[in-house]
Amino acid sequence: MKNSKSVLVTASLWLLLLVSAATNSIGMFAGLDYTFRMIAGAVAIVCIVLLVVRYIAGRKA
């Protein structure tokens, strides 16, 4: 059960990373507000950090 939750969390982080990065990238052309794009960029950075931490923790386990 723990392994399936781990896979679900990792997949969710990747999906959130892709969505937030796409929002940040396409936002300028779509006319999104600067603040909204910066929030999407911050979410992408948090997802990257969490994915790296999970990867490193998984290697040590």
Side-chain angles (χ1 to χ4, degrees):
M1 183 75 168
K2 181 181 176 188
N3 193 17
S4 64
K5 285 184 179 180
S6 177
V7 171
L8 181 64
V9 170
T10 303
S12 298
L13 282 171
W14 274 109
L15 182 62
L16 185 59
L17 173 63
L18 291 174
V19 170
S20 61
T23 301
N24 192 19
S25 300
I26 299 171
M28 187 172 91
F29 303 112
L32 291 177
D33 186 40
Y34 179 79
T35 305
F36 186 69
R37 288 186 291 138
M38 291 301 107
I39 291 171
V43 169
I45 291 171
V46 169
C47 286
I48 291 169
V49 169
L50 289 174
L51 284 167
V52 168
V53 167
R54 289 179 59 78
Y55 177 75
I56 292 171
R59 285 186 55 140
K60 291 184 178 181

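What you see below is based on every heavy atom in this structure, not just the backbone, and it leaves out hydrogens, waters and symmetry mates.
I26 and I39 fall into different hydrophobic clusters, where Ile, Leu, Val, Met, Phe, Trp and Tyr are joined by side-chain heavy atoms under 4.5 Å apart, directly or via other members. If you chain together hydrophobic residues whose side chains sit under 4.5 Å apart, M38 and I45 never meet in one group. Hydrophobic clustering (ILVMFWY, side-chain heavy atoms < 4.5 Å, transitive): V43 and L15 are in distinct clusters. When hydrophobic clusters are built by joining Ile, Leu, Val, Met, Phe, Trp and Tyr residues whose side-chain heavy atoms come closer than 4.5 Å, directly or via intermediates, V46 is grouped together with L13. Cluster membership for L51 and L16, using ILVMFWY side-chain heavy atoms within less than 4.5 angstrom, is not shared.
The two residues N24 and R37 make their nearest non-hydrogen contact at OD1-O, 3.2 Å. Across A21 and A44, no two heavy atoms sit closer than the pair N-CB, 4.4 Å.
In this structure, the side chains of Y55 and T10 stay at 4.5 Å or more apart for every pair of heavy atoms.
With hydrogens and angles disregarded, a donor-acceptor distance shorter than 3.5 Å links the side chain of R54 to the backbone of S6.
Remark: L17 CG to S12 OG distance equals 12.0 Å, nearest 0.5 Å.
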